[in-house]
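So that the names make sense, note that chain A is the first sequence line, chain B the second, and so on, each numbered from 1.
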Protein chains: 2
Amino acid sequence: MTKTAELASTLRVSVMRLGRRLRAERVVTDLSLSQMAALGTLDRHGALTPRELADHEKVQPPSMTRVLAGLEERGLILRTPHQTDGRQHLVTLTADAKALLKEDRRRRDAWLAQRLAELTQEERDVLRAAAPVIERLTHL
Amino acid sequence: MTKTAELASTLRVSVMRLGRRLRAERVVTDLSLSQMAALGTLDRHGALTPRELADHEKVQPPSMTRVLAGLEERGLILRTPHQTDGRQHLVTLTADAKALLKEDRRRRDAWLAQRLAELTQEERDVLRAAAPVIERLTHL
DNA sequence: TATTGTTATACTCTATAACTATA
DNA sequence: TATAGTTATAGAGTATAACAATA
């Protein structure tokens with residue numbers, strides 16, 4: 001096994017494990033995972049049509065219809081007509097949705113910051129150098 | 001915002017993103033996510049009772065009954081009677097299940113190793129130093 | 001009497017097929 | 001005729017409630 005292959009294996013295990021642990025810290029809501037995921041995607045990409053959202057989330061359009069209906073009922077999304085195409089509309093987040101996502105991130109960051117505070121300064125420096133490299137891996 | 005809080009935020013984003021990308025590489029099977037997750041837990045923890053498995057996966061016992069029925073039908077698990085308690089039994093992985101999990105890990109490692117190979121030696125060294133620290137975060 | 005595991009049944013989520021409106 | 005979005009309906013997956021076997 002090459003050194004790079006070994007690195008891949010140990011990095012995969014540690015990253016997957018930390019990811020699992022972070023997901024466990026997510027904010028408690030009565031929203032389904034699909035609904036939370038749709039909010040997250042809208043937050044990252046800005047306004048999208050239902051079709052674009054369905055493609056992003058890899059679900060069929062009728063499924064997205066139901067996800068959006070639930071979010072609209074709770075006041076978490078708004079629909080605005082498309083400029084030129086009367087069939088389409090754009091979905092955007094409300095202030096409530098943005099606050100919910102912010103709280104979700106805050107909880108996970110708080111958990112992680114607590115753990116980071118228990119490391120040595122050297123260990124934190126190692127992670128500070130690694131974070132942008134990990135980020136770059138997903139863009140290659 | 002403190003430096004540690006900033007680190008928590010950037011590290012969270014990059015780790016979650018890489019985790020998502022790695023999950024997308026998982027082996028294609030006709031098994032449900034719950035079934036794959038149960039196999040993974042058995043692989044990590046060794047033989048468990050259905051109740052212990054249900055607790056680990058945070059599902060109710062009747063749900064685990066169905067998950068295990070599907071896995072047993074495909075020859076991926078075996079049940080052995082409990083030594084002293086006639087009500088319980090232990091669930092273990094078959095060779096087929098271990099091979100499936102191995103292939104799953106192999107695929108993700110292959111994807112990641114490919115990406116790592118595109119980095120500089122210095123960047124790989126940074127990640128090599130970071131992996132055990134990331135691992136340690138989940139044990140604190 | 002309490003606990004493990006299963007069966008019976010209902011609810012949630014997602015999918016495919018069919019329909020409406022617009023391009 | 002094709003596409004965006006919705007409605008109708010069916011198929012997985014998980015939950016609660018009730019039951020059988022053992023402690």
Per-nucleotide protein contact along nucleotides 17-23 of chain C, 5' to 3', at a 4.0 Å heavy-atom cut-off (B base, S sugar-phosphate only, - neither), is B---BBS
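Separating the CG atom in L11(B) from the CG atom in L18(A) is a distance of 6.5 Å, to the nearest 0.5 Å. In this structure, the separation between CG on D104(A) and OG1 on T29(A) is 8.0 Å, given to the nearest 0.5 Å.
The nearest whole Å value for the distance from the CG atom in L68(A) to the P atom in dT14(C) is 12 Å. Residue M64(A) contributes atom CE, which lies 14 Å from atom C1' of dA4(D) at whole-angstrom precision. Distance R79(A) CZ to dA4(D) P: 16 Å, rounded to the nearest Å. Atom CD of E73(B) and atom P of dA12(D) are 13 Å apart (whole Å). Rounded to whole Å, atom P of dT3(D) lies 16 Å from atom CD of E52(A). Remark: C1' of dT3(D) and NE2 of H82(A) are 13 Å apart, rounded to the nearest angstrom. Summarising the geometry, the separation between CG on L71(A) and P on dG5(D) is reported as 15 Å, rounded to the nearest angstrom. H89(B) has its NE2 atom 19 Å from the P atom of dT3(C), to the nearest Å.
By the side-chain contact (heavy atoms from CB on, under 4.5 Å) test, A54(A) pairs with V59(A), M64(A), sequence neighbours left out. The side-chain contact (heavy atoms from CB on, under 4.5 Å) check on S9(A) picks up M1(A), R12(A), D109(B), with sequence neighbours excluded. Under the side-chain contact (heavy atoms from CB on, under 4.5 Å) criterion, Q35(A) pairs with L31(A), S32(A), V67(A), L71(A), sequence neighbours left out. In this structure R51(A) satisfies the side-chain contact (heavy atoms from CB on, under 4.5 Å) test together with T49(A), D55(A), P61(A), sequence neighbours excluded.
Within residues 20-39 of chain A, the residues approached by DNA chain C to less than 4.0 Å at the level of any non-hydrogen atom are S32(A), S34(A), in residue-number order. Only at 4.0 angstrom or more do the heavy atoms of residues 43-51 of chain A sit from any atom of DNA chain C, so none qualifies.
Judged as a side chain to side chain donor-acceptor pair (under 3.5 Å), the pairs with a partner in residues 126-140 of chain A (not counting sequence neighbours) are, in order, E135(A)-H139(A), E135(A)-R17(B), R136(A)-E123(B). Contacts classified as salt bridge (charged side-chain N to carboxylate O under 4.0 Å, His left out) and involving residues 92-103 of chain A (residues at least two apart or in different chains) are given here: E103(A)-R106(A).
Comparing the end axes of the helix from dT1(C)-dA23(D) to dA23(C)-dT1(D), each fitted to five base pairs by superposing C1' atoms of four pairs onto the next four, gives an inter-axis angle of 10° (nearest 10 degrees).
Close to dG5(D), at under 4.0 Å from its OP1 or OP2, lies no side-chain N or O of R66(A). Side-chain nitrogen and oxygen atoms of Q60(B) include at least one within less than 4.0 Å of the OP1 or OP2 phosphate oxygen of dT16(D). Between T65(B) and the phosphate of dT6(C), there is a side-chain N or O to OP1/OP2 separation shorter than 4.0 Å. Under 4.0 angstrom from either OP1 or OP2 of dG13(D) there lies no side-chain N or O belonging to S63(B).
Closest approach to the V59(A) side chain among dG5(D), dA15(C), dT4(C) is made by dA15(C) (side chain taken as heavy atoms from C-beta onward).
Taking a 6.0 Å sphere around CD of Q83(B), one finds it holds 12 or fewer heavy atoms contributed by other residues, nucleotides or ligands. Counting non-hydrogen atoms of neighbouring residues, nucleotides and ligands closer than 6.0 angstrom, the CD atom of E118(A) exceeds 12 such neighbours.
Formation of a donor-acceptor pair under 3.5 Å by the S14(A) side chain with backbone atoms of I134(B) is not found in this model.
Residue L33(A) shares its hydrophobic cluster (ILVMFWY side chains chained together at separations under 4.5 Å) with no other residue. If you chain together ILVMFWY residues whose side-chain heavy atoms come under 4.5 Å of each other, V28(A) ends up in a group of its own.
Between D125(A) and K3(B) there is no salt bridge, since none of the side-chain N atoms of the basic residue sits less than 4.0 Å from a carboxylate O of the acidic one.
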